[in-house]
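For clarity, every value in this text was computed on a predicted model and none was experimentally measured. Nothing fancy with the numbering, it's 1 onward along the sequence.
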Amino acid sequence: MTTIAQRIEVLRNERGLSRPALSAALGLSKGAVEKFETGRQTPTKEQQEKIAGYFGVSLFYLRGESSDRTRQEDWMNTSYPEEKETPIPNPVPNAKRAHEDSSDASGAMWNALLNNKQVQTALREVVLETLKSPEGQALIAKAVRRVSSEQH
C-alpha cells in the first residue's frame, strides 16, 4: 500500500519541485514537506486538503487509498455533450425470459447480477460508506444546492 509520504514525494517530483519550494507554495514551514515525506509527521486534515488541491488529486489518492487521481468535484463538474436520453431497459423478470431473449444477453447478465442479494448488500455498503465520507457529504450538499437553484 502506498503511503501519504510516498504520494507527496511522487507528486512533488512530478512537478519538479524541491521540498522547500513545495513548502513555500503551500504556505507551510520550510521543513514541513521534508517531515511529511520522511513520515516523521503526518499532515493535518487541512494540510492534506491543501496538498491535494495543489496537485489536483483526490484525498483518497493522496492518502494512498485509491489509484484514481480524479477529484469528485472535477468529475461532477464535467460537462458532457448533449445526448439523447435512452430509456433504461426493464429488468428481466426471471431467468427463463433472459434465456429466451438472447439479443439482450448483457442486459440479462446485469439483471442477474443486480438481483443477487449479496451484490445488493455489498453495493449498498459501498454507497453508504462513500456518502458518509467528507467528500461524499460535500458532494451531497453541492447536488442539493444545484437542484434547489434549478427549481427557483
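- When atom types are taken as modelled, the side chain of E9 and the backbone of E37 share no donor-acceptor pair closer than 3.5 angstrom.
- Considering every non-hydrogen atom in both M1 and R63, the closest pair reads CE-O, 4.4 Å.
- Here the shortest heavy-atom pairing between S66 and R7 reads O-NH1, 3.1 Å.
- E14 contributes no side-chain N or O that, together with a main-chain N or O of L11, makes up a donor-acceptor pair within less than 3.5 Å.
- Put simply, the side chain of K35 never gets that close to the backbone of T42: no donor and acceptor are under 3.5 Å apart.
- Cation-pi check for R69 over F60 is not met; the charged atom does not lie both under 6.0 angstrom from the ring centroid and within 45 degrees of its normal.
- Taking CZ from R19 and CD1 from I8, the interatomic distance works out to 10.5 Å, rounded to the nearest 0.5 Å.
- To the nearest 0.5 Å, atom CG of residue L28 and atom CD of residue Q47 are 5.5 Å apart.
- Here the shortest heavy-atom pairing between G39 and A5 reads N-CB, 4.3 Å.
- The closest side-chain donor-acceptor pair between T70 and D68 falls under 3.5 angstrom.
- Of the possible polar contacts, none joining the E125 side chain to the A122 backbone as a donor-acceptor pair under 3.5 Å is found.
- Considering every non-hydrogen atom in both S23 and A32, the closest pair reads OG-N, 4.0 Å.
- The CG atom of L26 sits 6.5 Å away from atom OH of Y54, with the distance rounded to the nearest 0.5 Å.
- Remark: R15 is not positioned above the aromatic ring of F55, lacking an NZ or CZ atom under 6.0 angstrom from the ring centre and at most 45 degrees off the axis.
- Expressed to the nearest 0.5 Å, how far CG of L62 lies from CD1 of I51 amounts to 6.0 Å.
- Linking ILVMFWY side-chain heavy atoms closer than 4.5 Å, directly or via other members, places L139 and L59 in two distinct hydrophobic clusters.
- Put simply, the side chain of K45 reaches to within 4.5 Å of the side chain of P134, judged on heavy atoms.
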